[in-house]
Amino acid sequence: MREQQGLTLTRRHLLKGVVGGAAGLVLGASQRVSAAAPQGVSGSSSVQRLADDLFVLQLPGEANLVLQTSANGVVLVDGGSAKVADALMKMIGDLSSGGRRADAGRRADAEVQTLFNTHWHPEQTGLNEAIGKAGKTIIAHENTRLWLSTDITWSWNGQRFTRLPKVAQPNKTFYTTGQLDSGIRYGYIPDAAHTDGDMYVYFPTQNVLAVGDVLSNQGWPIVDWQTGGWIGGIAGATQRLQTLANDQTRIVPGRGPVMSLADLKVQATMYATIYDRLTTLLNKGRGPSEAVAAKPTKEFDAQMGNPDEFVRRAFESLWAYLSPDA
């Protein structure tokens with residue numbers, strides 16, 4: 001349970017009443033330009049231009065990043081992992097300055113002024129320390145800040161995550177919604193799809209919605225029930241996000257190609273089906289291994305890949321919500 005300023009969020013509150021029964025329009029078409037990977041990054045990187053000032057950066061093995069350039073500096077949604085931080089900063093500088101090197105330090109419009117952490121995972125927070133030390137703004141939901149201020153160990157594989165130093169933790173947090181002076185809007189996704197600190201960032205002029213790992217358009221997502229995520233939250237979030245989009249919205253997932261509202265609706269149907277099947281198995285007294293053997297994702301596997309790890313974590317997430325203190 002977490003309490004801040006009178007707000008209490010628990011798995012039981014989220015569970016209550018639940019368990020039971022891309023076309024580009026700004027430019028006419030999105031433009032994708034293959035790019036050599038920055039130094040220190042193996043494989044091919046790409047930059048997809050969604051508007052004159054808005055890009056999706058895809059580095060090998062990394063989550064999607066969304067970057068907006070302006071005369072006032074760069075707004076960045078997620079910061080990649082720490083291992084690519086230096087390479088990513090160079091890539092951002094080159095992109096925001098049109099490939100021109102500044103003779104005396106970095107250009108003002110090439111500096112990241114605002115960084116969003118869509119959740120606490122290392123693939124989203126690798127630039128936090130550099131941005132924090134530069135005195136810039138790091139925005140996240142308060143739950144994300146709390147997770148980044150503590151050590152975490154995943155029960156299913158023993159992987160450990162060390163808390164970030166104070167300077168690298170988000171320095172501007174929120175609970176429901178917020179807006180930058182530029183008009184960029186952001187908000188909490190309370191369904192707890194990926195973690196209990198998920199957020200979206202919406203660029204209204206370009207009609208682009210960035211949602212981090214709440215959505216994956218390339219393989220099955222991680223269901224991080226250790227920090228609040230669960231399969232019911234994935235099903236709920238795919239429904240909720242539809243209320244933030246229209247037929248022209250480009251939706252940037254954490255992984256894979258940019259999505260349309262139609263793509264999102266397909267995923268919503270898929271996850272609702274999987275959620276219903278897993279809760280049925282749970283109510284029959286089945287366990288994670290039996291859930292995997294039941295193949296509750298069988299008609300989706302050809303597109304999404306091997307489901308075994310996803311199904312196991314998704315089933316365990318139901319346990320985590322039914323018995324969060326067990």
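If you read the sequence from its start, that first residue is 1, and numbering goes on from there.
- Put simply, the side chain of Arg250 gets close to the backbone of Leu50: a donor and an acceptor are under 3.5 Å apart.
- Between Gln239 and Ala268, the shortest heavy-atom distance links the atoms NE2-CB, 3.8 Å.
- Between Thr297 and Trp220, the closest side-chain pair of non-hydrogen atoms falls below 4.5 Å.
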Expected list for residues 302-310: side-chain donor-acceptor pairs under 3.5 angstrom, two or more places apart:
from	atom 1	to	atom 2	distance (Å)
Asn306	OD1	Asp308	N	2.9
Glu309	OE2	Arg313	NH1	2.3

Under the ring-ring contact (aromatic ring centres under 6.0 Å, His included) rule, what do Phe161 and Trp120 come out as? Steps first, then yes or no, please.
CA-CA 10 Å; Phe161 304 91; Trp120 71 266; 5.1 Å; yes
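- Here the closest heavy-atom approach between residue Leu278 and residue Pro296 is recorded as CD2-CG, 3.9 Å.
- Ser81 pairs in a side-chain hydrogen bond (donor to acceptor under 3.5 Å, both in side chains) with only one of the listed residues (Glu123, Glu62, Gln124), which is Glu62.
- In terms of the ring-ring contact (aromatic ring centres under 6.0 Å, His included) criterion, Tyr200 has no residue partners (sequence neighbours excluded).
- A donor and an acceptor atom, one from each side chain of Thr273 and Asp276, are nowhere located under 3.5 Å apart.
- There is no side-chain donor-acceptor pair under 3.5 Å between Asp191 and Trp230.
- Remark: the backbone N or O of Ala168 is paired with a side-chain donor or acceptor of Asn128 at under 3.5 angstrom.
- Contact between Ala140 and Pro170 at its shortest, heavy atoms only, is CB-CG, 3.6 Å.
- Judged by distance alone, the side chain of Glu129 and the main-chain N or O of Gln169 form no donor-acceptor pair under 3.5 Å.
- Under the 3.5 Å distance criterion, the side-chain polar atoms of Thr150 are left unmatched by any main-chain donor or acceptor of Trp147.
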Quick one: do His194 and His121 satisfy ring-ring contact (aromatic ring centres under 6.0 Å, His included)? Show the steps, please.
CA-CA 10 Å; His194 190 58; His121 287 163; 4.7 Å; yes
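- When each of Phe116, Tyr186, Tyr188 is checked for a ring-ring contact (aromatic ring centres under 6.0 Å, His included) with Phe174, only Tyr186 meets the rule.
- Residues Val66 and Ala210 share a closest heavy-atom pair of CG2-CB, 4.0 Å.
- A heavy-atom distance below 4.5 Å is found between the side chains of Ile184 and Val75.
- Counting only heavy atoms from C-beta outward, the side chains of Ile92 and Val74 approach each other to under 4.5 Å.
- Distance check, rounded to the nearest 0.5 Å: OG of Ser70 to CG of Asp52 gives 13.0 Å.
- One finds the OG1 atom of Thr269 at 9.5 Å from the NZ atom of Lys265 (value rounded to the nearest 0.5 Å).
- No path of Ile, Leu, Val, Met, Phe, Trp and Tyr side chains, each step under 4.5 Å between heavy atoms, connects Ile131 with Val167, placing them in separate hydrophobic clusters.
- Residues Leu115 and Leu127 form a side-chain contact, since some pair of their non-hydrogen atoms from C-beta on lies under 4.5 Å apart.
- Of the candidates Asp224, Ile189, Val223, Thr195 forms a side-chain contact (heavy atoms from CB on, under 4.5 Å) with just one, namely Asp224.
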Test side chain to side chain donor-acceptor pair (under 3.5 Å) on Ser155 and Gln226 and set out the steps.
CA-CA 7 Å; Ser155 300; Gln226 196 86 52; 2.8 Å; yes
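- Thr144 places a side-chain N or O within donor-acceptor distance of the main-chain N or O of Gly197, the cut-off being under 3.5 Å.
- With rounding to the nearest 0.5 Å, the separation of CG in Leu148 from OG1 in Thr162 is 12.0 Å.
- Val266 and Tyr271 end up in different hydrophobic clusters when Ile, Leu, Val, Met, Phe, Trp and Tyr side chains are linked at under 4.5 Å.
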So Leu264 and Leu241, side chain to side chain contact (heavy atoms under 4.5 Å, CB included) or not? Walk me through it.
CA-CA 8 Å; Leu264 175 58; Leu241 291 174; 3.8 Å; yes
Passes side chain to side chain contact (heavy atoms under 4.5 Å, CB included), Ile139 versus Thr173? Steps please.
CA-CA 6 Å; Ile139 301 176; Thr173 62; over 6 Å; no
Side chain to side chain contact (heavy atoms under 4.5 Å, CB included) between Asp263 and Ile251, intermediate numbers included:
CA-CA 9 Å; Asp263 297 327; Ile251 304 167; over 6 Å; no
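- Checked against the 6.0 Å centroid criterion, the rings of Trp156 and Trp225 qualify as a close aromatic pair.
- Within the 4.5 Å cutoff, the side chain of Leu282 has heavy atoms near those of the Trp319 side chain.
- Contact of the Leu57 side chain with the Asn64 side chain is not registered, since no non-hydrogen atoms from C-beta on lie closer than 4.5 Å.
- In this structure, Glu299 pairs ionically with Arg277, as a charged nitrogen and a carboxylate oxygen lie closer than 4.0 Å.
- The cluster map of Ile, Leu, Val, Met, Phe, Trp and Tyr, joined by side-chain heavy atoms under 4.5 Å apart, puts Ile222 and Met270 in different clusters.
- Considering CE of Met259 and CG of Leu209, their distance stands at 10.5 Å, rounded to 0.5 Å.
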Given Ser46 and Gln58, is the side chain to side chain donor-acceptor pair (under 3.5 Å) satisfied, shown in steps?
CA-CA 5 Å; Ser46 68; Gln58 295 173 317; 3.0 Å; yes
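- Using a 3.5 Å distance cut-off with no hydrogens or angles, the side chains of Arg286 and Thr280 do not pair a donor with an acceptor.
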Could you go through the salt bridge (Lys or Arg N to Asp or Glu O under 4.0 Å) check for Asp94 and Lys90 one step at a time?
CA-CA 6 Å; Asp94 289 346; Lys90 180 181 183 303; 2.8 Å; yes
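- The shortest distance between side-chain heavy atoms of Pro221 and Ile234 falls below 4.5 Å.
- Atom CG of Leu67 sits about 12.0 Å away from atom CG of Asp78, to the nearest 0.5 Å.
- Summarising the geometry of Pro204 relative to Gly183, their closest heavy-atom pair is CG-O, 3.4 Å, with the distance given to 0.1 Å.
- Considering only heavy atoms from C-beta on, His141 stays 4.5 Å or farther from Asp198 through its side chain.
- Closest of all the heavy-atom pairs between Asn143 and Asp196 is ND2-O, 2.8 Å.
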Run Leu54 and Val208 through side chain to side chain contact (heavy atoms under 4.5 Å, CB included) and show every step you take.
CA-CA 9 Å; Leu54 194 65; Val208 169; 3.7 Å; yes
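- Atom CG of Asn207 sits about 7.0 Å away from atom CD of Gln248, to the nearest 0.5 Å.
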